[in-house]
2 protein chains.
Amino acid sequence: MTTAVPSARVLAHPAREEIRLEGVLHALSDPLRMLIVRELAAGAEAGLTCSHFDLPVTKSTSTHHFRVLREAGVIQQNYRGTAKLNALRRDDLDALFPGLLDSVLAAAARQAERLGG
Amino acid sequence: MTTAVPSARVLAHPAREEIRLEGVLHALSDPLRMLIVRELAAGAEAGLTCSHFDLPVTKSTSTHHFRVLREAGVIQQNYRGTAKLNALRRDDLDALFPGLLDSVLAAAARQAERLGG
DNA sequence: CTGCTCGTACGATAGCCATCGTAGTACGGC
DNA sequence: GCCGTACTACGATGGCTATCGTACGAGCAG
């Protein structure tokens, strides 16, 4: 084998051409998911584990939200041992919708500053 | 009175500060509503009537979608006789989320070109 | 005033979705 | 091999939402 399988389990991601704007906007229209995306954008090139996020929901619900983001093509997920690394698909999103992600992130930051103090 | 009531019926709109990013993104995550917004952006400074749009749904459903857009703060609606004029709230959106609307519209146009031929 | 057109309101329905709890699987350390 | 940790799968549930049909209200043309 070429790489002897990185870490066995692989998750299904949509190809770049399959990413739909409606799906991305819908994925980002949930406050919890927007929070995840903002943290990923701020923090991590390499990716953050699911458990890094301190979300006010159960793990089941977390899994659900991460799955929505992945299936919409917003994030990429890879197993790393027992953990799972999440990273923004910035390249794909920028290629498909130039400037969109940055505008949305800026808008979210602006609103957070305006409302959250 | 100052203006003697423009045309009687007035619709409730959220104030600029009440517009929430999640709401805007959710409103735009429906293909039908995105289509409406795109036509409004392309065509009309003054506004377009509801009946101008040739949507593949009943009038009830149209009313519903226009209402969602209005309550999210994306469009402004004003009665003009029996018709109702719809216009984008570009000023408010640009003030709150600079560049967001243009990015989204560009993304939608790009996807339409990519998929619709 | 009588109709006509444009849009609304209301009720019904079916589908999606955010949330939870419980039970289970994969991986790494001992 | 066994256990703990990290995440998943599945089923249930309550709420939202897109859709429709029918009945209604508001303005305009006669």
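Throughout, protein chains are lettered first and strands after them, A, B, ... in sequence-line order, and every chain is numbered starting at 1. Just the heavy atoms: all of them, side chains too, but no hydrogens, waters or symmetry mates, feed the values below.
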Inset, instruction - Scan for salt bridge (Lys or Arg N to Asp or Glu O under 4.0 Å) pairs involving residues 20-35 of chain A, sequence neighbours excluded, and state none if there are none. - result: A:R20-A:E22
Legend entry - Qualifying residues under side-chain contact (heavy atoms from CB on, under 4.5 Å), relative to B:L21, sequence neighbours excluded: A:M34, A:A107, A:A108, A:Q111, B:L25, B:F97, B:L100
Inset, instruction - Could you tell me the separation between the CZ atom of A:R80 and the C1' atom of D:dC7, rounded to a whole number of Å? - result: 17 Å
Inset, instruction - Using a 4.5 Å cut-off on heavy atoms from C-beta on, say whether the side chain of A:L55 contacts that of A:I36. - result: yes
Inset, instruction - Please check the phosphate of C:dA9 (OP1 and OP2 only) for any side-chain N or O of B:R67 closer than 4.0 Å. - result: yes
Legend entry - Residues that B:D102 engages under salt bridge (charged side-chain N to carboxylate O under 4.0 Å, His left out), provided they are two or more places apart: B:R90
Inset, instruction - May I have the distance from B:L11 (atom CG) to C:dC6 (atom C1'), rounded to whole angstrom? - result: 13 Å
Inset, instruction - Under 4.0 Å between any heavy atoms, over every strand shown, what does A:T63 touch: base, sugar-phosphate, or nothing? Just pick one. - result: base
Legend entry - A:H13 atom NE2: more than 12 heavy-atom contacts under 6.0 Å: yes
Legend entry - Integer-rounded Å distance: D:dA6 C1' and A:R9 CZ: 8 Å
Legend entry - Phosphate OP1/OP2 of D:dC7 contacted by A:S62 side-chain N/O (<4.0 Å): no
Output a table of donor-acceptor pairs, distance under 3.5 Å, between side-chain atoms of residues 66-74 of chain A and any protein atom two or more places apart or on a different chain; print 'none' if there are none.
| residue | atom | partner | partner atom | Å |
| --- | --- | --- | --- | --- |
| A:R70 | NE | A:Q77 | OE1 | 2.6 |
| A:R70 | NH1 | A:A12 | O | 2.9 |

Inset, instruction - Take the protein atom CG of A:L69 and the nucleotide atom C1' of C:dC17, then report the distance between them rounded to whole Å. - result: 14 Å
Legend entry - A:R110: salt bridge (charged side-chain N to carboxylate O under 4.0 Å, His left out) partners, not counting sequence neighbours: none
Inset, instruction - Starting at atom CZ of A:F66, determine the distance to atom P of C:dA18, rounded to an integer number of angstrom. - result: 14 Å
Legend entry - Euclidean distance, atom CD1 of residue A:I75 to atom P of D:dC7 [Å, nearest integer]: 12 Å
Legend entry - Sequence-aligned protein contact record of nucleotides 10-21 of chain D, with B where the base is within under 4.0 Å of a protein heavy atom and S where only the sugar-phosphate is: -------SBBBB
Legend entry - Rounded interatomic separation in angstrom, taking CD1 from B:I36 and P from C:dG7: 12 Å
Inset, instruction - Report the distance from atom CG of A:L48 to atom P of D:dC7, rounded to the nearest whole Å. - result: 11 Å
